[in-house]
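Below is one structure, written out as C-alpha cells, with a few remarks after it.
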Amino acid sequence: MNPIGPVNALYPMPTTLVGAMINGKPNFLAVAHVGILNHGTPQYLSIGLAKIHYTNAGIQTNRSFSICLPSEDLMVQTDYCGIMTGKNTDKAALFDLFYGELKTAPMIRQCLVNMELRLHDVLDFNTHDIFIGELVQTYVDDRVMTNGKIDISKLRPLLFDMASMQYWSLGAAVGKCWNVGKALKK
Ligand SMILES: Cc1cc2nc3c(=O)[nH]c(=O)nc-3n(C[C@H](O)[C@H](O)[C@H](O)COP(=O)(O)O)c2cc1C
C-alpha cells in the first residue's frame with residue numbers, strides 16, 4: 001500500500017440539490033458533501049457548505065433547508081446549480097417548486113425524492129458551515145416507490161466522484177445487507 005496523503009476517498013456520493021429561501025426567494029445549489037449522522041427518529045443529516053456561498057445566510061435566517069435528489073436525467077440542471085450563484089441567477093426558475101410543513105424549505109417536483117429539514121445546529125468550521133438538520137418530512141413521487149419503499153433502481157441517483165470529476169450512475173445490487181456475511185459464521 002502506498003500513502004497518497006490525506007485524500008478523502010469516500011466517493012461516490014449522491015449529488016443533491018439543497019434548497020433554501022434567501023431574501024424571500026428560493027435558491028438551490030448542488031451539494032455532494034452530505035452526511036448521515038444517525039439512523040432513527042429524530043433523523044439528523046448534515047451538509048457542508050463553503051462559507052462563500054449565497055445560500056448559507058438563508059439557511060441561518062429561516063432555520064430550514066431541503067435536500068432534493070435529482071435523477072440522472074437532471075444532470076445538466078444540477079450541474080448548472082453547482083456552477084451559478086443565486087446572487088445573480090434565478091436557478092429556481094429551472095424547476096417546478098413546492099413547499100411542505102416548514103414553508104421555508106423549497107423543494108423540486110422534478111426531483112422524485114425531496115427531504116425537508118429544520119436546522120438543528122451549525123458547526124462553524126474555518127472555511128465551511130456544517131449545517132445539521134432534523135429531518136421533518138420526506139416527499140416521494142410514486143414512480144420511485146416499490147412496496148412502500150424508495151427504490152434506488154427507479155430513482156437512478158446522480159453520483160458524484162471527486163477524483164474523476166465525473167457524474168456516475170448506480171450499478172446493480174450485489175447482495176443482501178446484514179445477511180450475506182452469515183456465510184462466514186462458524
Ligand atoms: C457536483 C457538485 C457538487 C458540489 N458540492 C458542494 C458541496 O458539497 N459543498 C459546497 O459548499 N459546494 C458544493 N458545490 C459548489 C456549489 O454548488 C456552487 O458553488 C454553487 O454555485 C453555490 O451556489 P450559491 O452561491 O447560489 O449558494 C458543488 C458543485 C457541484 C457541481
Side-chain angles (χ1 to χ4, degrees), residues 8 10-37 44-100 102-140 155-169:
N8 171 16
L10 279 183
Y11 298 98
M13 297 293 289
T15 316
T16 73
L17 286 168
V18 165
M21 298 298 291
I22 301 111
N23 301 323
K25 291 193 179 139
N27 186 51
F28 294 91
L29 80 165
V31 174
H33 294 157
V34 291
I36 300 170
L37 271 62
Y44 296 100
L45 304 175
S46 68
I47 52 171
L49 298 196
K51 284 183 190 281
I52 51 161
H53 293 331
Y54 179 64
T55 309
N56 301 35
I59 297 176
Q60 296 265 19
T61 304
N62 295 299
R63 300 199 64 79
S64 60
F65 60 98
S66 66
I67 302 179
C68 314
L69 299 184
S71 300
E72 288 170 20
D73 53 3
L74 282 182
M75 179 175 69
V76 172
Q77 294 88 333
T78 302
D79 197 58
Y80 179 80
C81 290
I83 294 170
M84 307 301 286
T85 175
K87 266 178 219 152
N88 49 34
T89 308
D90 181 8
K91 294 184 269 184
L94 289 172
F95 308 113
D96 300 327
L97 306 190
F98 70 98
Y99 294 83
L102 299 177
K103 312 288 183 211
T104 49
M107 291 174 278
I108 299 174
R109 288 196 192 282
Q110 289 92 333
C111 288
L112 302 183
V113 177
N114 294 269
M115 295 177 278
E116 65 171 345
L117 300 99
R118 183 182 295 118
L119 184 63
H120 174 75
D121 212 347
V122 188
L123 303 184
D124 184 0
F125 274 31
N126 210 14
T127 52
H128 283 66
D129 292 319
I130 312 302
F131 294 109
I132 298 172
E134 178 186 337
L135 187 55
V136 170
Q137 192 57 265
T138 303
Y139 302 88
V140 182
L155 177 62
R156 294 179 299 111
L158 182 64
L159 304 182
F160 168 76
D161 172 45
M162 189 69 95
S164 61
M165 289 286 203
Q166 299 260 32
Y167 295 107
W168 291 71
S169 60

Checklist entry - With a 4.5 Å limit on heavy-atom distance, are the side chains of Phe28 and Leu97 in contact? => result yes
Item to check | Over all atoms of both residues, closest heavy-atom pair of Met21 and Asn62 | outcome: O-ND2, 3.0 Å
Item to check | Spatial distance of atom CE (Met13) from atom CG (Leu159) [nearest 0.5 Å] | outcome: 10.0 Å
Item to check | Exercise: identify the closest heavy-atom pair between Ala20 and Ser64 | outcome: CB-O, 4.3 Å
Next on the checklist: Just so I know, are the side chains of Tyr99 and Pro106 near enough to count as touching, which here means a heavy-atom distance under 4.5 Å?
Outcome noted: yes
Next on the checklist: For the backbone of Ile108 and the side chain of Asn114, can you confirm whether one donor and one acceptor N or O come within less than 3.5 Å of each other?
Outcome noted: yes
Checklist entry - Can you name the one residue among Leu94, Leu74, Thr15, Val76 that meets side-chain contact (heavy atoms from CB on, under 4.5 Å) with Cys81? => result Leu94
Next on the checklist: How long is the straight-line distance from OG1 of Thr78 back to NZ of Lys91, given to the nearest 0.5 Å?
Outcome noted: 11.0 Å
Next on the checklist: Given 3.5 Å as the limit, does a donor-acceptor pair link the side chain of Thr16 with the main chain of Val31, or not?
Outcome noted: yes
Next on the checklist: As an exercise, state the distance from CE of Met115 to CD1 of Ile67, rounded to the nearest 0.5 Å.
Outcome noted: 5.0 Å
Next on the checklist: I'd like to know if the side chain of Ser71 reaches the main chain of Leu155, judged simply by a donor and an acceptor atom lying under 3.5 Å from each other, with no hydrogens or angles considered.
Outcome noted: yes
Checklist entry - Any side-chain heavy atom of Pro157 sitting closer than 4.5 Å to one from Leu69? => result no
Next on the checklist: With rounding to the nearest 0.5 angstrom, report the CD to NZ distance, Glu116 to Lys103.
Outcome noted: 8.5 Å
Checklist entry - Taking atom CD of Glu72 and atom OH of Tyr167, what is their separation to the nearest 0.5 Å? => result 12.5 Å
Checklist entry - Do you know the tightest heavy-atom contact between His120 and Arg63? => result O-NH2, 4.0 Å
Item to check | 4.5 Å side-chain heavy-atom contact, Thr89 and Tyr80 | outcome: yes
Next on the checklist: If you apply the rule side chain to side chain contact (heavy atoms under 4.5 Å, CB included), what do you find for Asn8 with Met162, and how did you get there?
Outcome noted: CA-CA 9 Å; Asn8 171 16; Met162 189 69 95; over 6 Å; no
Next on the checklist: Between Lys87 and Tyr54 (side chain of the first, backbone of the second, donor and acceptor by atom type, cut-off under 3.5 Å), is there such a pair?
Outcome noted: no
Checklist entry - Does any N or O in the side chain of Ser66 come within less than 3.5 Å of the main-chain N or O of Met107, such that one atom is a donor and the other an acceptor? => result no
Checklist entry - Any idea which heavy atoms bring Ala32 and Phe160 closest together, and the distance? => result CB-CD2, 3.4 Å
Checklist entry - Are any side-chain N or O atoms of Asn27 and backbone N or O atoms of Ile22, one a donor and one an acceptor, separated by less than 3.5 Å? => result no
Checklist entry - Is any side-chain heavy atom of Phe95 closer than 4.5 Å to a side-chain heavy atom of Cys111? => result no
Checklist entry - Just wondering, more than 12 heavy atoms not from Lys51 lying within 6.0 Å of its NZ? => result yes
Next on the checklist: I'd like to know whether Val18 forms a side chain to side chain contact (heavy atoms under 4.5 Å, CB included) with Phe131, so could you lay out the CA-CA distance, the side-chain angles of the two residues, the decisive distance to 0.1 Å, and finally the verdict.
Outcome noted: CA-CA 11 Å; Val18 165; Phe131 294 109; over 6 Å; no
Item to check | CD on Gln137 to CG on Leu117, rounded to 0.5 Å | outcome: 11.0 Å
Checklist outcome for this item: From the list Thr85, Leu29, Asp129, side-chain contact (heavy atoms from CB on, under 4.5 Å) partner of Thr55 resolves to Leu29
Next on the checklist: The test is side chain to side chain contact (heavy atoms under 4.5 Å, CB included); show your working for Ile59 and Leu119 and say whether it passes.
Outcome noted: CA-CA 7 Å; Ile59 297 176; Leu119 184 63; 4.2 Å; yes
Next on the checklist: Looking at Phe125, I'd like to know if its CZ atom is crowded, meaning that more than 12 non-hydrogen atoms belonging to other residues, nucleotides or ligands lie closer than 6.0 Å.
Outcome noted: no
Next on the checklist: Any side-chain to backbone donor/acceptor pair from Ser46 onto Ile130? Under 3.5 Å, distance only.
Outcome noted: no
